[in-house]
Number of protein chains: 2
Amino acid sequence: MSEGEVKMKSAARHDRVRQQHSDELAEDYVEAIADLLTKSGQARVIDLQGIFGVSHVSVIRALKRIEERKLIHKTVEGSWRLTETGEAMAKASSERHELVLNFLQALGVSDLQAQVDAEGMEHHLSSETLSSMRRYLDQNQ
Amino acid sequence: MSEGEVKMKSAARHDRVRQQHSDELAEDYVEAIADLLTKSGQARVIDLQGIFGVSHVSVIRALKRIEERKLIHKTVEGSWRLTETGEAMAKASSERHELVLNFLQALGVSDLQAQVDAEGMEHHLSSETLSSMRRYLDQNQ
DNA sequence: CTGTCGATGTAGCATGGGCTACATCTAGAT
DNA sequence: ATCTAGATGTAGCCCATGCTACATCGACAG
C-alpha cells in the first residue's frame with residue numbers, strides 16, 4: 001500500500017466520522033420523540049428542552065431541520081409525530097441503543113456508566129461491530 | 001427518582017456528549033501530529049490536510065484554535081510540535097486508540113472495520129468502560 | 001374583560017468547522 | 001534576475017448549533 005493510498009483511506013475515514021456527527025442530532029431527537037410519545041402521548045418543544053438541556057429556541061430550530069428531512073411533522077395541536085421514516089429511524093436507534101447498553105453491562109460496566117457511554121458510542125458503530133456485540137451477548141447469556 | 005431528576009440527569013448526559021464533541025478535533029490533531037513527528041520528523045499543514053481530507057484553510061484554523069489551547073506550537077521552520085500538555089494528550093489518545101482497536105479485534109471485528117469504528121468510538125468512552133475492555137483483553141489473551 | 005403565565009416563535013448574535021478565491025513567500029529551474 | 005510551483009496565510013462566505021431578548025398566542029384567574 002503506497003503512502004498516497006494510506007492518506008486517502010485516512011481522509012475517507014475522517015469524512016465518515018464527520019458524516020456520522022451530522023446525523024447524531026436527528027437520531028437523538030427521533031429517539032426522544034418516540035420515547036415521549038410512548039410515555040406521555042405527546043412530544044412538545046418544552047418536553048424536548050427538558051430532555052436535551054438546551055434552550056427552546058435550539059429545540060425549535062433542530063425540529064425544523066429534522067422536519068425538512070421528512071423524519072417528523074407537527075400536529076395541529078402543537079405536538080410532534082414521527083413520519084414512517086422517522087419511526088424506522090427511532091426503532092433502529094432504540095434497538096441499537098439497547099444492544100450497546102446490554103453489551104456494556106455484560107462487559108461489567110456499571111448501569112449508570114453504561115447508559116452514558118452507550119449514548120456516546122451508539123452513533124459510531126458499524127453493523128459489523130454491532131453484530132459482534134450481539135454474538136458476544138448470545139454466547140454469554 | 002422523580003420525573004424532574006430524570007430530566008436533569010438526561011440533560012447533563014447530553015451536555016457531556018456535546019462537550020466531548022468539542023474535544024474530538026483537538027485529540028485527532030494531536031494524535032496525527034504525534035504520528036507525523038514519529039514517522040517523518042515534521043508535521044506541516046499539508047501533511048495534516050492529506051490525513052484529514054479537508055482544505056488547508058480548515059487545517060490552519062484548527063491548528064490556531066488548538067495552539068490557543070496550549071497543546072501545540074509552531075517552530076520557526078514552519079513545522080508543528082506538541083507542548084507537554086499536547087504530548088500527554090497524544091499519548092493518552094494513542095493508548096486508548098490501541099486498546100479500543102485491540103478490543104474490537106478480539107471481539108471478532110475485521111481489522112479494517114475495527115480501525116474505522118475505533119476512530120469513531122474512542123472519544124466517547126469512560127475510563128470505566130476502557131477498564132472493562134482491558135480486563136476482557138487480559139482474560140482472553 | 002383583562003391581566004398574567006406558560007408555551008411557542010422570531011430576531012439577531014457567537015462560535016466552530018467547512019469551503020473558494022486571492023495573496024504572499026520561498027526555493028529551484030532557466 | 002526572473003519565473004514558476006508548492007506551501008502557507010488571509011478574506012469572506014455558508015451552515016449547524018448554541019444563546020438572550022423580545023413578541024405572540026391561548027388559557028385560566030380575577
Side-chain angles (χ1 to χ4, degrees), chain A residues 3-4 7 10-30 32-33 36 40-69 71-81 120 123, chain B residues 3-4 7 10-30 32-33 36 40-69 71-81 120 123:
Chain A
E3 175 123 4
K7 282 185 180 172
S10 185
R13 272 202 304 276
H14 284 280
D15 283 347
R16 225 171 303 140
V17 169
R18 273 195 303 275
Q19 180 54 44
Q20 285 175 340
H21 285 184
S22 72
D23 289 339
E24 286 187 38
L25 193 116
E27 292 196 357
D28 285 342
Y29 269 80
V30 298
I33 290 170
L36 284 168
S40 72
Q42 65 176 359
R44 296 166 307 162
V45 170
I46 192 148
D47 302 318
L48 293 160
Q49 176 182 355
I51 289 172
F52 292 111
V54 299
S55 74
H56 72 281
V57 184
S58 300
V59 173
I60 287 168
R61 281 204 321 213
L63 289 173
K64 274 185 190 157
R65 278 193 300 271
I66 298 166
E67 186 177 32
E68 279 164 17
R69 291 170 63 174
L71 295 169
I72 58 176
H73 63 93
K74 193 164 67 167
T75 64
V76 283
E77 311 94 50
S79 177
W80 290 83
R81 302 281 138 141
H123 304 292
Chain B
E3 175 123 3
K7 282 184 180 172
S10 185
R13 272 202 304 275
H14 284 280
D15 282 348
R16 224 171 304 141
V17 170
R18 272 195 304 276
Q19 181 54 45
Q20 285 176 340
H21 286 183
S22 72
D23 289 340
E24 285 187 39
L25 194 116
E27 292 197 357
D28 284 344
Y29 269 80
V30 298
I33 290 170
L36 284 168
S40 71
Q42 64 176 358
R44 297 166 306 163
V45 170
I46 193 149
D47 302 318
L48 293 160
Q49 175 181 357
I51 289 172
F52 292 110
V54 298
S55 74
H56 73 281
V57 184
S58 300
V59 173
I60 288 168
R61 282 204 320 210
L63 289 173
K64 275 186 189 157
R65 278 193 298 270
I66 298 166
E67 186 177 33
E68 279 164 18
R69 293 168 62 174
L71 295 169
I72 58 175
H73 63 94
K74 193 164 66 168
T75 64
V76 283
E77 310 94 51
S79 177
W80 290 83
R81 301 283 138 141
H123 304 293

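Just so we're on the same page: letters track the sequence lines, and every chain starts at 1.
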Taking only N/O atoms, report every protein-nucleotides 9-13 of chain D pair under 3.5 Å with atom names and distance.
unit_1: dG9(D); atom_1: OP1; unit_2: K74(B); atom_2: NZ; d: 2.3
unit_1: dG9(D); atom_1: N7; unit_2: H56(B); atom_2: NE2; d: 3.1
unit_1: dG9(D); atom_1: O6; unit_2: H56(B); atom_2: NE2; d: 3.0
unit_1: dT10(D); atom_1: OP2; unit_2: K64(B); atom_2: NZ; d: 2.9

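L36(B) is listed as a side-chain neighbour of L48(B), based on a closest heavy-atom distance under 4.5 Å. In this structure, I72(B) and Y29(B) have side chains that are not in contact, with every pair of non-hydrogen atoms separated by 4.5 Å or more. Counting heavy atoms from C-beta outward, D28(A) and H123(A) have side chains that approach closer than 4.5 Å.
Following rounding to the nearest Å, E27(B) (CD) and dG17(C) (P) show an atom-to-atom distance of 13 Å. Put simply, CG on D28(B) is 15 Å from C1' on dG16(C), counting in whole angstrom units. One atom, CG of L63(B), and another, P of dT8(D), lie 10 Å apart when rounded to the nearest Å. Whole-Å rounding puts the L25(A) CG to dG16(C) P distance at 19 Å. Between the OH atom of Y29(B) and the C1' atom of dG18(C) there is a distance of 11 Å, given to the nearest Å. Note: CZ (R69(B)) to P (dG17(C)) measures 9 Å, nearest angstrom. We find that CD of Q49(A) is positioned 12 Å from P of dG18(D), with the value rounded to whole Å. Atom CD1 in I46(B) sits about 15 Å away from atom P in dA5(D), given to the nearest Å.
Residues forming a side chain to side chain donor-acceptor pair (under 3.5 Å) with S58(B) (at least two apart in sequence, or on another chain): S55(B). In terms of the side chain to side chain donor-acceptor pair (under 3.5 Å) criterion, E68(A) has no residue partners (sequence neighbours excluded). Considering only residues two or more places apart in sequence or on other chains, R61(B) meets the side-chain contact (heavy atoms from CB on, under 4.5 Å) condition with R65(B). Applying the side chain to side chain donor-acceptor pair (under 3.5 Å) criterion to S40(A), with sequence neighbours excluded, gives no partner residue.
Contact annotation: S55(A) side-chain N/O to dT20(D) OP1/OP2 distance is not under 4.0 Å. Contact annotation: R65(B) reaches the phosphate of dG17(C) (side-chain N/O to OP1 or OP2, under 4.0 Å).
Nearest nucleotide to the S58(A) side chain, out of dG17(C), dA7(D), dG18(D): dG18(D).
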